[in-house]
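For reference, the structure discussed in these notes is given below.
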Amino acid sequence: MNSRSGASLPIACGASVMPEQVYALIDCNSFYCSCERVFRPDLNGVPVVVLSNNDGCVIARSAEAKKLGISMGAPWFQLREFARQHGVQAFSSNYALYGDVSDRVMRTIGSLVPAYEIYSIDECFADLTGIPEPLIDMGRAIKDKVFQWTRIPVGVGIANTKTLAKLANHAAKRWIDRTGGVVDLRDPELRDKVLRKLPVDEVWGVGRRLKVKLEALGIQTAWDLAQYDAWSLRKQFSVVLEKTARELRGVRCLDLEEVEPPKQMICSSRMFGTRQYQHSALAEAVASYTSRAAEKLRAQKSLCQVLRVGIQTGMFNPEQPRYANSVTLQLPYPTDDTRVLIQYAQFGLARIFREGYAYSKAEILLAEICQRGEITGDLFTPAQPAIAGQLMATLDAVNRKYGRGTLRAARIREAPGWSMRRELLSQGFTTRIDQVWQI
DNA sequence: TCTGGGGTCCTAGGACCC
DNA sequence: TCTGGGGTCCTAGGACCC
């Protein structure tokens, strides 16, 4: 049975040998903090943290802040005094800045490698297949060029599978003094050494819950997971974990995804800056979030057929009554028209709104998303009128040119009372002409 | 007083089909 | 006494990622 594999297969003969697949995972160090430092070199060496929307909790920490023991997700109000005492610089999230810096980092990487996949705002897989050895030099070249062009420090992990590249990147950061931030994990001896040292939950795809279950099976390290029988992992857990284990052994199960598939769900949800009690305030917030979701929908050239609107009170204060509810609505036709979406969102809100609660958050979810031009209609289902598409295109063009919210639904005020707190916001260094760097 | 905002994929189970 | 063997679609829930 096994005789079909191996060198006897005619297709494997011939002059050219397929080069071995190699991936790199490039990951920005403390990305949001690094972005704040790009135009504030005085912050180098200073502990820096970036807070979530509403200045709620810590979502990024510089190395110095980590050293002080500040943990991810720590509520800011509990930390403020400690931060003041230790000279910690805190910032509100400045997504306009981070998004723009991210674009620059990705374009820089793109100029150096044959193909790449943007995995998140601060991470990117690159295809290094066929690039001349030694690849560790290529890794260092990427790191240096990104820093030279964007002032963002990155780590680079190189391996034959994505899961191992992630692990290599992790190792590069963990043992930065020895690695200089670049690790090539293709050498089996080095790979096994690293696998044995890293706990299983450092593996991409193994989180808190799985860690507990795996440890019950005696799987403590990445090495243990790699050695475990893949088939029984599939039976006991899922095909996902099976692939993870195989990838750890160097068997490729995940490919580079260069084109991002359109999202199947689009969500816009946010905590309010302060608790809201009135239907009118929630109505305004819901209209605003719906507008944002509709923008995202149109940006990927999609239409949606289902809208869900949800509201909730704060969940932490035991003194106040809690309430959370949502309603899912079928739309009259597949649409990307902000006006139609807002209308349905308001209808939904009216159904779930209850008087007398301190609301903290609203959420809009667009679902059953399809691509424009891929809809098969029927005689009895109207299609979205063409004029609506033209109007939305104009709306987006105006807002692109003059800034988000320049043209908006009439019920949304410019500075609403529910908008989020951002008391520690840095400048729009790269996105606002009135806020460019001054020397 | 104060605790984020997005996403994805997979599985199990029920209802239903032939 | 004995009770098949495939499927699909939907929803809820659980796990993960950054």
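A note on names: the letters A, B, ... follow the listed sequences, proteins ahead of strands, and every chain is numbered from 1.
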Q) Within the structure shown, what part of the strands sits under 4.0 Å from A:I266 by heavy-atom distance: base, sugar-phosphate, or nothing? A) sugar-phosphate
Q: Return the 5'-most residue of the pair A:Q78, A:R234 with respect to DNA chain B, ranking by each residue's nearest nucleotide.
A: A:Q78
Q) Does C:dG13 have OP1 or OP2 sitting under 4.0 Å from an N or O in the side chain of A:R209? A) no
(Q) Regarding A:N53, tell me which of base, sugar-phosphate or nothing describes its non-hydrogen contacts under 4.0 Å with the strands shown. (A) sugar-phosphate
Q.
Looking only at the aromatic ring of each residue, does the gap between the centers of A:Y116 and A:Y23 stay below 6.0 angstrom?
A. no
Q: Scan A:D122 against the nucleic acid and name what it touches under 4.0 Å (heavy atoms): base, sugar-phosphate only, or nothing.
A: sugar-phosphate
**Q.** Positive for salt bridge (Lys or Arg N to Asp or Glu O under 4.0 Å) with A:D336, one of A:K296, A:R372, A:K301, A:R298
**A.** A:R372
Q: Tell me whether the OP1 or OP2 atom of B:dC9 has a side-chain N or O from A:Q264 closer than 4.0 Å.
A: yes
(Q) For a quick check of understanding: with a heavy-atom distance under 4.0 Å over all strands, which category does A:L210 fall into, base, sugar-phosphate or nothing? (A) sugar-phosphate
**Q.** Listed nucleotide nearest any side-chain atom of A:E123, set B:dT8, B:dG6, C:dC18
**A.** C:dC18
(Q) Salt bridge or not between A:R104 and A:D100? Use side-chain N to carboxylate O under 4.0 Å. (A) yes
Q: May I ask you to verify if any side-chain N or O of A:K166 is less than 4.0 angstrom from the OP1 or OP2 atom of C:dC18?
A: yes
Q) So, is A:R275 near the phosphate of B:dC2, with a side-chain N or O under 4.0 Å from OP1 or OP2? A) yes
Q: Return no unless some side-chain N or O of A:K296 is found under 4.0 Å from OP1 or OP2 of B:dG6.
A: yes
Q. Contact class for A:S268 (heavy atom, under 4.0 Å): base, sugar-phosphate, or nothing?
A. sugar-phosphate
Q) Can you tell me if the side-chain N/O atoms of A:R421 get under 4.0 Å from OP1 or OP2 in B:dT1? A) no
